[in-house]
Structure formats: C-alpha cells, structure tokens
K.L.:
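First the structure, which I've put down as structure tokens, then a few questions once you've had a look.
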Amino acid sequence: MRPPDTRTREFSSSRVLPPEFFSRPAVELAPELLGVLLVRQTDSGITSGRIVETEAYPGPEDPASHAALRIGRTRRNDPLFGPPGTAYVHCNYGVHWCFNVVAARSGKPEGVLVRAVEPVAGIDLMRERRGREELTNGPGRLGQAFALGPDLNGHPLDRPPIWLEEGDPVPTHDRVSTTRIGIRRAAERPWRWYDGRSKWVSRR
DNA sequence: ATACCGATGGACT
DNA sequence: GTCCATCGGTATA
C-alpha cells in the first residue's frame, strides 16, 4: 500500500485557465500550453499531468488538419468549430483516443493536439488503466491513462470532469520547436513544441 | 453495404 | 531501430 498522492486536488475555479486564454491562433497557443496542468476527474479518481508536448493544427489551410479545406465540416470534426477552450477528442487508427484543445474562435476550426504530459497525480490509476509503465508519452497513451473518450467532445475545459490549470511556465529557451509527428501532408511545418527538459516527450 | 485510410502503439530484432 | 494490427469515421455506391 503506497502513501496517498498528496498532489491530488479537488476542482478549484481559482486556478483554471479562462476561455480568453484560448482565443488566439493555434500556432500561438500550442507553445503556451507547455507547463499547463491537465486534470481529469472520474468516478475512479483524479489524474493530472503537466503538458510537455503539443502540436498546432491551424485550420482549413493546413492540409494535415482534420478540418482541412478538402474535408470541410463533418460530424467528426464538428467540435473543432466550437468555442475556444473546449475539447476535441478523436479516434486514431480505430483504437487511440487523442485529446485536442480548441483554439481561435467559434467557426474557425483550429486546435492543439496534446501529445504528452508528465504525470503529476493519480499515477497508480494511470498504471491501472494502462497496464504498463509507459503512461503518458504519446497521445494514445495519454488518452488511455486519463480515460479520455468521445464523451468529452465539446466539453469546456474550465470545469469537471476535465479542466486545465495554470502551471509552472516553460522558459522560452526550453521550448523546442520541430516538425509534427505521424502525418503525411504538410509534414515540414514546424508546428510541434516540447519541453526540452522533460523525459516524458514522446519522441525527439 | 463496403472500401479505404490513418494527428499510433506494441511487439519484436 | 523495424514492422504491422488495429477499427471508427468518412466517402462512395
């Protein structure tokens, strides 16, 4: 029996990021999300983690976006068109649930994919859900460790059962910018960011 | 009805 | 490092 996780906290509105924080282009928001705390509450308990890796998918002009011009608005990508500061959760390869933060403004389908977090609270619960030690270094792993699914689509990120809190900011010189991972189209654009100090980044 | 394609992860060398 | 199964969403018929 290990000691209780002392960093587990109840929801507190004083720490959440306000909707205005997300009202900017995805390419600007993505690096600012590094260091932010992602908190998830379910009947099983609370899990939280510090965001260490993000990717921007800035709308219709981006051929890699789920809302690229050639695709348009569909039932799948509809949450991306919603208000900033809400969730877009999509399924990848039919098995992995990936979490995005909606950016910009309503009607503009911009989003930031959260690719990795550093586990902070509820680590045993993450282990239970994952069944292995690689907990949150990758969008699919993170989705499973935090029990993220399509039920969270459109959910505002300033209240339970999932919210974002201000964290220790990542110094500018530790924000590493690279190309996005796992895409074919527009693969050369430098729209991935990670915390260069973190061991929880999915890949260098 | 059904074919196709992944914003990946896990098993393996 | 390499290989490939995975199945939900979408488009097409």
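The model shown is predicted, which means the values in this text are computed figures rather than measured ones. Residue numbers begin at 1 in each chain, while the letters A, B, ... track the order of the sequences.
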K.L.:
Is the phosphate of C:dG9, meaning OP1 or OP2, less than 4.0 Å from a side-chain N or O of A:Arg75?
P.N.:
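Result: no.
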K.L.:
Can you give the dot-bracket line for DNA chain B, where a pair is Watson-Crick or G-U wobble with both atom distances under 3.5 Å, crossing pairs use [ ], and | marks a partner on another strand?
P.N.:
||||||.|||||.
K.L.:
Distance check needed: B:dA7 C1' versus A:Arg185 CZ, whole Å only.
P.N.:
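Interatomic distance, CZ of A:Arg185 to C1' of B:dA7: 13 Å.
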K.L.:
Can you measure A:Glu133 atom CD to B:dG9 atom P for me and round it to whole angstrom units?
P.N.:
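Atom CD in A:Glu133 sits about 17 Å away from atom P in B:dG9.
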K.L.:
Counting side-chain heavy atoms from CB outward, which of B:dG9, B:dA7, B:dA11 is closest to A:Arg132?
P.N.:
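Nearest listed nucleotide: B:dA11.
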K.L.:
Whole angstroms only, please: what is the NE2-P distance between A:His90 and C:dC7?
P.N.:
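Those two atoms, NE2 and P, are 17 Å apart.
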K.L.:
Run the side chain to side chain donor-acceptor pair (under 3.5 Å) test on A:Arg40 and A:Thr47 for me, step by step, so that the C-alpha distance in whole Å, both residues' side-chain angles and the decisive distance to 0.1 Å come before the verdict.
P.N.:
CA-CA 5 Å; A:Arg40 166 72 163 140; A:Thr47 50; over 6 Å; no
K.L.:
Kindly point out which of B:dA7, B:dG9, B:dG6 is positioned nearest to the side chain of A:Leu113?
P.N.:
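That would be B:dA7.
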K.L.:
Would you indicate what A:Arg203 reaches in the nucleic acid, counting non-hydrogen atoms under 4.0 angstrom: base, sugar-phosphate, or nothing?
P.N.:
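Counting heavy atoms under 4.0 Å across all strands, no contact is made by A:Arg203.
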K.L.:
Taking only residues two or more places apart in sequence, or in another chain, which ones meet A:Glu110 in a salt bridge (Lys or Arg N to Asp or Glu O under 4.0 Å)?
P.N.:
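With sequence neighbours excluded, A:Glu110 shows a salt bridge (Lys or Arg N to Asp or Glu O under 4.0 Å) to A:Lys108, given in chain and number order.
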K.L.:
Mind calculating the distance between CZ (A:Arg141) and C1' (B:dA11) to the nearest angstrom?
P.N.:
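It is 12 Å, rounded to the nearest whole Å.
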K.L.:
Are any of A:Arg184's side-chain N or O atoms less than 4.0 Å away from OP1 or OP2 of B:dC5?
P.N.:
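Checking A:Arg184 against B:dC5: no side-chain N or O falls below 4.0 Å of OP1 or OP2.
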K.L.:
Could you check whether any side-chain heavy atom of A:Phe21 comes within less than 4.5 Å of a side-chain heavy atom of A:Leu33, counting everything from C-beta outward?
P.N.:
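Of all side-chain heavy-atom pairs linking A:Leu33 with A:Phe21, at least one is under 4.5 Å.
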K.L.:
Between residues 91-99 of chain A and DNA chain B, which residues have a heavy-atom gap below 4.0 Å?
P.N.:
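Here the set is A:Asn92, A:Tyr93, A:Gly94, A:His96.
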K.L.:
A:Arg129 has an atom CZ; how far is it from atom C1' of B:dG9, in whole Å?
P.N.:
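One finds 19 Å between C1' of B:dG9 and CZ of A:Arg129, rounded.
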K.L.:
Considering only nitrogen or oxygen atoms on both sides, find all protein atoms under 3.5 Å from nucleotides 11-13 of chain C and state each distance.
P.N.:
none

K.L.:
Would A:Arg15 pass as a cation-pi partner of A:Phe11, given that its NZ or CZ must be under 6.0 Å from the six-membered ring centre and within 45 degrees of the axis?
P.N.:
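Verdict for A:Phe11: no cation-pi partner in A:Arg15.
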K.L.:
Quick one: list whatever passes side-chain contact (heavy atoms from CB on, under 4.5 Å) with A:Thr86, sequence neighbours left out.
P.N.:
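Counting only residues at least two positions away or on another chain, A:Thr86 forms a side-chain contact (heavy atoms from CB on, under 4.5 Å) with A:Pro83, A:Val102.
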K.L.:
Is a salt bridge present between A:Arg75 and A:Asp78, judged by a nitrogen-to-oxygen distance below 4.0 Å?
P.N.:
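Judged by the 4.0 Å cut-off on N to carboxylate O distance, A:Arg75 and A:Asp78 do not form a salt bridge.
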K.L.:
Would you mind reading off the distance between A:Arg189 atom CZ and B:dA7 atom P, rounded to a whole angstrom?
P.N.:
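That distance rounds to 15 Å.
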K.L.:
Mind checking whether A:Ile123 and A:Leu135 have side chains closer than 4.5 Å, heavy atoms only?
P.N.:
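Yes, at least one pair of side-chain atoms sits under 4.5 Å.
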K.L.:
Rounded to the nearest angstrom, tell me the gap between atom CD1 in A:Ile181 and atom P in B:dG9.
P.N.:
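It is 9 Å, rounded to the nearest whole Å.
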K.L.:
In whole Å, what is the span from the CD1 atom of A:Ile183 to the P atom of B:dC5?
P.N.:
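Roughly 18 Å, once rounded to whole Å.
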K.L.:
NA contact type, A:Asp62, heavy-atom cut-off 4.0 Å: base, sugar-phosphate, or nothing?
P.N.:
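Nothing, no nucleic acid heavy atom in range.
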K.L.:
Would you check, one step at a time, whether the test side chain to side chain donor-acceptor pair (under 3.5 Å) holds for A:Gln144 with A:Arg130?
P.N.:
CA-CA 6 Å; A:Gln144 189 180 18; A:Arg130 287 280 300 146; 2.7 Å; yes
K.L.:
Looking only at heavy atoms, what is the nearest atom pair of A:Pro84 and A:Ser23, with distance?
P.N.:
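Closest approach of A:Pro84 to A:Ser23, heavy atoms only: CG-OG, 3.6 Å.
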K.L.:
With A:Arg189, which residues qualify under salt bridge (Lys or Arg N to Asp or Glu O under 4.0 Å), at least two apart?
P.N.:
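Partners of A:Arg189 by the salt bridge (Lys or Arg N to Asp or Glu O under 4.0 Å) criterion come out as none, since no residue qualifies.
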K.L.:
Has A:Arg204 got more than 12 heavy atoms of other residues, nucleotides or ligands less than 6.0 Å from its CZ?
P.N.:
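Yes.
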K.L.:
Does the side chain of A:Glu118 reach to within under 4.5 Å of the side chain of A:Asp195, using non-hydrogen atoms?
P.N.:
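No, too far: nothing below the 4.5 Å cut-off.
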